Amino acid sequence: MVGRNPSHTREVAATPTDPQTVWITELDQGRATGTPAVVDGRLYVSVDAISDTARHRHRIHALTAATGEERWQVPLRSEPNGPPAVSGDRIVVTARRSLEQGRIVCFQTRYGEEDWLVDIDARLTAPPTIDGGVVYIPDWRGQVHALSVSDGSVLWSRHVDADGSGRTFPESVAVLEETLYIGSQSGKTGVVALDATTGERRWTESTHAVTGGPVAHGNGIIVQSHQLVIAFDTDGSRRWSFNVLEGTARPIAVDDRHVYVAARNALYAINWNGKEAWVYESSGERIGTPTIAGETVLVRGEDHLTALSRVDGTKQWTATPKGVGRAVVVPEAIFLSGADGTVIALGEA
C-alpha cells in the first residue's frame, strides 16, 4: 500500500543499521518492477514484462521476503497503478484498462487466484487504500468508491461535487479515525474530508492543485501544492504553510516530530508549528522519497541510500545498492526494485 499504512505516513519502527545485499531475484522476462508491498513475510510486486515470448505484459509476483524465492505469478490484464494493497488473505490492485477506464482486481494471497474484479467507467491512477476490510479508490471524475475487500461489493460510491465542477483525484486517499482525506488536482481544487462509512462530506478546504498527499496524522493533515506544504487540523482548520524551494511531487513522510518533504536536491524537516527544523542537502543529486525508520529517515540518491537522524538530519550511514526504485522498509530488511525486472533485499551483514 502507498505509504505502508492507511494514513500514508511512511513510518516503520526500525530498519537494518548496516544494510548489505542479501538476495537479488530476477523475475522472468521482466523489463521493470514496481514498488513492492510487504506483508507477513511475502513481497507482492508488479512486473512489466515485455519480450517476444512473454505471454502477459503485466503480472503480479509473490516472493518469500527472507529468500526472494518466487511463490507464484499471475497475469494482469491491465497496467497497474502502483503497489498492491494487502488485507488478510487478499491482494487488491488498481489498473488502467484504457485512458478513461479503470479496473480493480482482487487476488488470493496463497496461490494468486483471482477472487473478484470491478470495472470503473473513469480514469484510475490511484493505488488502493485498505482500512477495516474496505478498499477506497478515487477517480478522475470526482468520485470516491468504497468496496468490500471480501467480495468486491460496492458499499458506497460518492460524487464529491454534484454540481459538476470537475474535480480530479489522481492519488490515493488517506484514512484516519473513520475519515477519508483526498486531494484534487483540477476543477475545484483543494482537500476534501469524507465519512469513511457513508461517503458523506465532512469538510472541504480550498488550495491550489494538490500535488502531494494527503498524509493523515493525529497532529494534522498534510498536503503539498507544488512548492507549498500546507497543514490542516482534522476539522479542516488551516494551521500553517511552508514554502519548499524547488519542491517536487514526491510522497511525504510524517511522524510525531516532523513533516519530511523532498525537494530537488534537499530534504526538509518541518516542525508541527510550521517552522523549519533542519535541511539535508545532497551534493547536487536528486533526493528521493523519504521513509521514517526508527530514529532515522531514509532517502535515496541516484546510486545510494542514506540514513539521516530524525533529530537533526545528520548522516548515520550510506549504502550503495543496485536498486533504482523507492525503498520499501520493514524492521528486518529494505527492499528495492531493480533494473531489468529484478528485486533486491538488503539486510544486516
Side-chain angles (χ1 to χ4, degrees), residues 2-5 7-20 35 174 211-231 239-321 323-331 333-336 346-348:
V2 171
R4 301 280 294 139
N5 58 39
S7 299
H8 305 320
T9 56
R10 301 190 61 81
E11 182 179 13
V12 295
T15 189
T17 56
D18 183 22
Q20 306 292 324
T35 304
T211 57
V215 179
H217 188 276
N219 288 344
I221 310 304
I222 302 296
V223 299
Q224 187 171 357
S225 179
H226 302 291
Q227 295 182 325
L228 197 66
V229 180
I230 308 167
R239 293 177 55 185
W240 50 259
S241 59
F242 183 95
N243 191 55
V244 175
L245 297 178
E246 298 187 291
T248 57
R250 293 195 182 98
I252 300 165
V254 169
D255 62 23
D256 57 358
R257 295 178 180 175
H258 304 126
V259 176
Y260 304 91
V261 182
R264 182 179 295 274
N265 63 348
L267 180 73
Y268 288 80
I270 307 165
N271 288 325
W272 278 103
N273 61 6
K275 305 298 182 182
E276 180 183 301
W278 52 261
V279 179
Y280 168 78
E281 295 185 4
S282 70
S283 56
E285 286 190 325
R286 288 180 178 270
I287 291 289
T289 298
T291 298
I292 302 156
E295 291 303 310
T296 63
V297 183
L298 305 186
V299 291
R300 277 196 59 74
E302 293 176 2
D303 59 1
H304 59 268
L305 184 67
T306 300
L308 308 173
S309 166
R310 289 169 59 194
V311 176
D312 57 13
T314 55
K315 188 181 297 185
Q316 305 298 296
W317 53 257
T318 298
T320 55
V324 297
R326 293 175 183 168
V328 175
V329 183
V330 297
I334 301 168
F335 301 98
L336 299 163
L346 308 180
E348 297 289 358

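Fair warning: this is a prediction, and the values are worked out from it, not measured in the lab.
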**OP:** Please step through side-chain contact (heavy atoms from CB on, under 4.5 Å) for the pair W240 and V229, ending with a clear verdict.
**Re:** CA-CA 8 Å; W240 50 259; V229 180; 4.2 Å; yes
**OP:** I would like to know whether T306 and Y280 meet side-chain contact (heavy atoms from CB on, under 4.5 Å); could you show each step before the answer?
**Re:** CA-CA 11 Å; T306 300; Y280 168 78; 4.2 Å; yes
**OP:** Kindly indicate, with the supporting measurements, whether the criterion side-chain contact (heavy atoms from CB on, under 4.5 Å) is fulfilled by V12 and V330.
**Re:** CA-CA 6 Å; V12 295; V330 297; 5.8 Å; no
**OP:** Start with the C-alpha distance between N271 and H258, add both sets of side-chain angles, then the distance that settles side-chain contact (heavy atoms from CB on, under 4.5 Å), and finish with yes or no.
**Re:** CA-CA 5 Å; N271 288 325; H258 304 126; 3.1 Å; yes
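Counting non-hydrogen atoms of neighbouring residues, nucleotides and ligands closer than 6.0 angstrom, the CD atom of E276 exceeds 12 such neighbours.
In this structure, the side chains of Q20 and E348 stay at 4.5 Å or more apart for every pair of heavy atoms. Looking at V311 and W278, their side chains never come closer than 4.5 Å, going by heavy atoms from C-beta outward. Taking 4.5 Å as the limit, every side-chain heavy atom of T291 sits out of range of all side-chain heavy atoms of Y260. Residues R310 and D256 meet the side-chain proximity criterion, which asks for heavy atoms closer than 4.5 Å. Y268 is not listed as a side-chain neighbour of N243, based on a closest heavy-atom distance of 4.5 Å or more. When side chains are defined from C-beta on, E11 does not count as touching V254, because their heavy atoms never get closer than 4.5 Å. The closest side-chain heavy-atom distance from L346 to P16 is not below 4.5 Å.
Contact between I252 and V215 at its shortest, heavy atoms only, is O-CG2, 3.8 Å. Summarising the geometry of T289 relative to P251, their closest heavy-atom pair is OG1-CD, 3.4 Å, with the distance given to 0.1 Å. In terms of heavy atoms, A263 sits closest to V244 at CB-CG1, 3.8 Å. Nearest heavy-atom pair, L245 versus Q227, reported as atom, atom and distance to 0.1 Å: C-NE2, 4.1 Å. Closest non-hydrogen pair, L308 versus Q316, comes out as C-CG, 3.9 Å. Residues V329 and A14 come closest through the heavy atom pair CG1-O, 4.1 Å.
Between the side chains of D312 and T314, at least one donor N or O sits under 3.5 Å from an acceptor N or O.
A donor-acceptor pair under 3.5 Å is absent between the side-chain atoms of R257 and the main chain of A269, judged by distance alone. In this structure a side-chain-to-backbone donor-acceptor pair under 3.5 Å is missing from S7 to A174. Judged purely by atom type and a 3.5 angstrom limit, R250 uses its side chain to pair as donor or acceptor with the backbone of I287. Without hydrogens or angle criteria, W272 side chain to D255 main chain gives a donor-acceptor distance under 3.5 Å. In this structure a side-chain-to-backbone donor-acceptor pair under 3.5 Å is present from R10 to P290.
The structure places CH2 of W317 at 4.5 Å from CG of L305, a figure rounded to the nearest 0.5 Å. Atoms OG and CZ, on S282 and R300 in that order, are 13.0 Å from each other to the nearest 0.5 Å. Note that CD1 of I222 and OG1 of T9 are 12.0 Å apart. Values are rounded to the nearest 0.5 Å. Note: R4 CZ to I292 CD1 = 13.0 Å, rounded to the nearest 0.5 Å. Note: R239 CZ to N219 CG = 6.5 Å, rounded to the nearest 0.5 Å.
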